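Structure record follows, encoded as structure tokens.
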Amino acid sequence: MPHFHIDYSANLEERLEIADLLVVLRDAAMETGIFPLAGIRIRASACDHWLIADGNPDHAFMDISIRLRAGRAAEAKKRATGHIFAAAEAFCAEAMATSSFMLSLEMRDIDSELSPKASSIRKYLPGDGK
């Protein structure tokens, strides 16, 4: 599982198709080979209030947080972080080239002893749900 949570300034909705970004991130996560499809959860929340640098309301940001269960090798997580960030950066390239925009991503492990899970999603996915 990875949980993706994207916080972004609401003014990005004028510059990007956020729903399309979710698909791009899902596909990039699958391409890494370390995340099962059934475990991927991606959500995005627009921030109506934000302050960046000098307070110019045209400044924009997107922060992508990826939380995952511990157990993956550090090198695999590093490669996945780079791959997913590259996909996000490519998706946002035009907005970044034409406007003030900050993009960030962080991947971190979840302590499995403090994060119980239950799911029935695999039985609703085609094939074996991987």
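Because the structure is a prediction, the values reported are computed rather than measured.
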Item checked: Atom pair SG (C92) and CG (L21), whose distance is rounded to the nearest 0.5 Å -> 6.0 Å
Note to self: Before you tell me yes or no, could you show the steps for I6 and R43 under side chain to side chain contact (heavy atoms under 4.5 Å, CB included), namely the whole-Å CA-CA distance, both residues' side-chain angles and the distance that decides it to 0.1 Å?
What the structure shows: CA-CA 6 Å; I6 305 160; R43 57 196 174 275; over 6 Å; no
Note to self: Between T32 (side chain only) and A29 (backbone N and O only), is there a donor and an acceptor less than 3.5 Å apart?
What the structure shows: yes
Check: Going by atom types only, do H59 and S100 share a side-chain donor-acceptor pair under 3.5 Å?
Finding: yes
Note to self: Between M96 and I18, is there shared hydrophobic-cluster membership here, with clusters defined by ILVMFWY side-chain heavy atoms closer than 4.5 Å?
What the structure shows: yes
Checklist line | Point-to-point distance, once rounded to the nearest 0.5 Å, from CE of M107 to CD1 of I64 | finding: 10.5 Å
Note to self: Can you give me the closest heavy-atom contact between P2 and L68, atom names plus distance?
What the structure shows: CA-CB, 4.3 Å
Check: For the side chain of R41 and the backbone of G39, is there at least one donor-acceptor N/O pair under 3.5 Å apart?
Finding: yes
Item checked: H3 NE2 to I42 CD1 distance, which is reported to the nearest 0.5 Å -> 11.5 Å
Notebook entry, point to check: Do L16 and F4 share a hydrophobic cluster, counting only Ile, Leu, Val, Met, Phe, Trp and Tyr and linking them when any side-chain heavy atoms are less than 4.5 Å apart?
Noted result: yes
Check: Are there more than 12 heavy atoms of other residues, nucleotides or ligands under 6.0 Å from atom CD of E17?
Finding: no
Notebook entry, point to check: What distance separates L22 CG from F91 CZ, expressed to the nearest 0.5 Å?
Noted result: 8.5 Å
Check: How many angstroms lie between atom CD of E94 and atom CZ of F101, to the nearest 0.5 angstrom?
Finding: 12.0 Å
Notebook entry, point to check: Is S115 reaching over with its side chain to a backbone N or O of D111, donor-acceptor style, under 3.5 angstrom?
Noted result: no
Notebook entry, point to check: Is there side-chain contact between M62 and L12, with heavy atoms separated by less than 4.5 Å?
Noted result: yes
Checklist line | Heavy-atom side-chain proximity of E31 to H83 below 4.5 angstrom | finding: yes
Checklist line | A87 to A28 - nearest heavy-atom pair and separation | finding: CB-CB, 3.7 Å
Margin query: Tell me whether S119 contacts the main-chain N or O of I121 through its side chain, where contact means a donor paired with an acceptor under 3.5 Å.
Written below: yes
Note to self: Using 0.5 Å steps for rounding, measure from the CD1 atom of I84 to the CD1 atom of I66.
What the structure shows: 4.0 Å
Check: Thinking salt bridges, do R15 and E13 make one under a 4.0 Å N-O criterion?
Finding: no
Note to self: When you compare the side chains of D63 and S104, does any donor N or O come within less than 3.5 Å of an acceptor on the partner?
What the structure shows: yes
Notebook entry, point to check: Quick one: are V23 and L25 in side-chain contact, heavy atoms under 4.5 Å?
Noted result: no
Check: Quick one: do D109 and R72 make a salt bridge, cutoff under 4.0 Å?
Finding: no
Checklist line | Under 3.5 Å: donor-acceptor pair, side chain of S9, backbone of F61 | finding: yes
Notebook entry, point to check: Taking all non-hydrogen atoms of both residues, which atom of I34 and which atom of A76 are closest, and how far apart?
Noted result: CD1-O, 3.9 Å
Item checked: Check: N11 side chain, P57 main-chain N or O, donor-acceptor pair, under 3.5 Å -> yes
